[in-house]
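A short write-up of the structure that comes next.
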Amino acid sequence: MKLLLVCGARPNFMKIAPLMRAIDCHNEAARRNDRIEAKLVHTGQHYDSEMSESFFRDLSLPNPDHYLGVGSDSHAKQTAEVMIAFEPIVLNEKPDCVVVVGDVNSTLACALTAAKLRIPVAHVEAGLRSFDRSMPEEINRLVTDAVSDYLFTPSEDSNANLRREGVPEEKIHFVGNIMVDALRKHQDLARSLRAYARYGLPAFGYAVLTLHRPSNVDDSGTLLRFLRVLEQVQAQLPVLFPVHPRTRDHLRAWGLMETVEGIPGVRLCEPLSYIDFLSLLCGARLVLTDSGGIQEETTALGVPCLTLRDNTERPVTVTHGTNMVVGTHPERIMAAVGAVLGGEVRLGRIPPLWDGRTASRIVKVLAARENSRSVEAV
Ligand code: UD1
């Protein structure tokens, strides 16, 4: 069996790495004709060293077999560029299945391209829904799931979403959260690094902030409101803020970089590599974020997380984990910060199948289907 595995943007790399490893393990145990050939495609949606290369290094990912070098552009252009560059690769490689992960533009573009060439598509992290179509990722999730043949889900709520949309049961495979595979593998190293010490911060005596959602950073008034919140949070504990390129560009364009640099308890830094960031999460008292993946990582680590959005496509992090969706209003955010610092910590529990073995479940499903197809062919 031949698979094309697609990654493109920062949140993809820690989902692809466990799959590559699980395929290697499968191949070590498999008979010669049951082996899986995996080719890695990197679309180049993210291209800065801190957004891509450092993740390849930390996660021991091999160099991609195909690099599409697509880069940044409007949604339509970026998606179209990926499709145009990916199509000849699919035609030449003739894979048995294209595997896409997550919900970024590269996920959607490669799923669509493969589906139109009648190549089966496997979507890892299927079924997540924020029910907010103003989020580009929600459109990507809906379309990717609609054209996928294998829907690998991380949680029971995603199974329910797919069923409600009429997806046949045999396409839904509840396998757990693949990010947790990467996290468990690197967690001990991350803890031992104590990356916070580099910024002069004490263990469990700081907050981590990340902000990059267009709804939070593409409007100057909204971004300024977050900086005002940041002033209040740092009065209670220091804040480390790794700045995403989109946010950095907007802070600069609107002359707000000096404002944030001038807040005394805030340490700004470049986007961090996978293990350094994990290390910071491990030692944090509190995380404030609008990221999807960080809601899951904090739940897996038992660290309190305040999600600076009005909704989440990952409700299991709230029902089971340590996440609270607090929205974007300063009073609500500060009330939640006060509650966490006052000791109202939700311990949370680990959601079902977030056990570090998701990738091997996925490989098992793909290999079994391929075997049954070759038996049918005979
Ligand atoms: C993308 C994903 C989002 C994910 C996020 C994680 C989509 C629709 N969005 O958002 O779901 O949470 O990645 O980071 O796919 N830029 C750089 N260097 C890079 C990459 C981007 O400077 O390596 C800058 C460019 O100015 C670019 C902007 O960031 O225009 C946005 O990049 P893009 O990939 O379009 O979206 P993200 O906001 O990163």
Side-chain angles (χ1 to χ4, degrees), residues 6-16 42-57 59 64 67-83 85-86 100-112 123-126 128-130 132-145 179 182 208-219 222-223 241-254 257 269-274 277 287 289-298 305 307-309 311-314 317:
V6 177
C7 58
R10 182 171 65 172
N12 293 159
F13 306 130
M14 65 294 273
K15 298 169 192 166
I16 285 292
H42 184 343
T43 66
Q45 176 173 342
H46 284 175
Y47 43 83
D48 281 352
S49 170
E50 323 77 80
M51 300 294 285
S52 174
E53 214 178 294
S54 74
F55 283 74
F56 270 68
R57 216 174 27 243
L59 294 158
Y67 183 74
L68 311 186
V70 163
S72 304
D73 216 318
S74 69
H75 282 266
K77 284 191 185 151
Q78 189 177 57
T79 308
E81 292 284 343
V82 174
M83 291 183 75
F86 187 54
V100 296
V101 297
D103 56 15
V104 302
N105 285 346
S106 301
T107 311
L108 162 75
C110 293
L112 259 184
H123 183 206
V124 178
E125 206 182 85
L128 297 182
R129 298 287 181 269
S130 66
D132 172 4
R133 291 199 184 190
S134 69
M135 277 182 89
E137 293 81 3
E138 182 74 351
I139 307 295
N140 294 347
R141 291 180 204 117
L142 285 161
V143 178
T144 304
D145 284 344
M179 289 230 313
V208 174
L209 168 71
T210 79
L211 274 181
H212 76 281
R213 290 270 154 232
S215 56
N216 281 344
V217 305
D218 283 8
D219 172 77
T222 310
L223 193 50
F241 180 15
V243 186
H244 185 282
R246 173 190 281 277
T247 313
R248 174 202 61 207
D249 292 350
H250 291 170
L251 285 169
R252 283 192 186 140
W254 296 323
M257 196 50 109
C269 65
E270 295 294 313
L272 296 167
S273 71
Y274 178 70
F277 190 73
V287 174
T289 189
D290 59 8
S291 149
I294 295 171
Q295 296 171 48
E296 299 182 327
E297 288 168 335
T298 45
C305 176
T307 293
L308 308 175
R309 287 170 45 191
N311 53 52
T312 179
E313 61 288 339
R314 293 159 160 93
T317 60

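A quick note: this is a predicted structure, and the numbers were derived from the prediction, not measured. Atoms within a ligand are numbered from 1 in the order they appear, just like the ligands themselves.
When the options Glu53, His46, His75, Arg213 are ranked by their closest heavy atom to atom 13 (O) of ligand 1, first place goes to His46. Of all the listed residues (Met51, His212, Arg10), His212 holds the heavy atom that lies closest to atom 5 (C) of ligand 1.
Note: no N/O pair closer than 3.5 Å links Asp73 and ligand 1 by distance alone. Note: an N/O pair closer than 3.5 Å links His244 and ligand 1 by distance alone.
The side-chain hydrogen bond (donor to acceptor under 3.5 Å, both in side chains) check on Thr144 picks up nothing, with sequence neighbours excluded.
When only non-hydrogen protein atoms are considered, atom 36 (O) of ligand 1 lies nearest to Arg246 NH2, 3.8 Å. Nearest protein heavy-atom neighbour of atom 18 (N) of ligand 1: Asp48 OD2, 2.9 Å. Nearest protein heavy-atom neighbour of atom 19 (C) of ligand 1: Tyr47 CZ, 3.5 Å. Here the protein heavy atom with the shortest distance to atom 2 (C) of ligand 1 is Val104 CG1, 3.7 Å. The nearest protein atom to atom 6 (C) of ligand 1, hydrogens excluded, is given as Pro11 CD, 3.5 Å; this is a heavy-atom distance. Among protein heavy atoms, the minimum distance from atom 24 (C) of ligand 1 is reached at Pro245 CB, 3.6 Å. The protein heavy-atom contact nearest to atom 27 (C) of ligand 1 is Ser72 OG, 3.2 Å.
Near Arg248, with a cut-off below 4.0 Å to any heavy atom, the atoms of ligand 1 are 22 (O). Distances below 4.0 Å separate heavy atoms of Gln78 from the following atoms of ligand 1: 34 (O), 35 (O). Counting atoms of ligand 1 from 1 in the listed order, those under 4.0 Å from a heavy atom of Glu137 are 2 (C), 3 (C), 9 (N), 11 (O). The ligand atoms of ligand 1 that sit less than 4.0 angstrom from a heavy atom of Asn105 are 7 (C), 8 (C), 15 (O). For ligand 1, the atoms sitting less than 4.0 Å from at least one non-hydrogen atom of Asp249 are 26 (O), numbered in the order shown with element in parentheses.
Residue Glu296 holds its CD atom at 5.5 Å from CD of Glu125, rounded to the nearest 0.5 Å. Note that OG of Ser106 and CD of Glu81 are 11.5 Å apart. Values are rounded to the nearest 0.5 Å.
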Working for salt bridge (Lys or Arg N to Asp or Glu O under 4.0 Å), residues Arg309 and Asp132: CA-CA 11 Å; Arg309 287 170 45 191; Asp132 172 4; over 6 Å; no
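There is no side-chain donor-acceptor pair under 3.5 Å between Thr43 and Tyr67.
For Glu50 against Pro271, the heavy-atom pair with the smallest separation is CB-O, 3.4 Å. Taking all atoms of both residues into account, the shortest heavy-atom contact from Tyr274 to Met179 is OH-O, 4.4 Å.
Side chain of Glu138 to backbone of Ser130: a donor-acceptor contact under 3.5 angstrom is found. Distance alone, capped at 3.5 Å, places no donor-acceptor pair between the Thr247 side chain and the Val243 backbone. Side chain of Ser52 to main chain of Ser49: no donor-acceptor pair is present (N/O by atom type, distance under 3.5 Å, no hydrogens or angles).
Checked options Asn140, Val82, Asp103; the residue passing with Leu108 is Asn140 (criterion: side-chain contact (heavy atoms from CB on, under 4.5 Å)).
Residue-level proximity to ligand 1 for Ser52 is absent, since no heavy atom of it falls below 4.0 angstrom.
Ligand 1 is never approached by Glu50 to a heavy-atom distance shorter than 4.0 Å.
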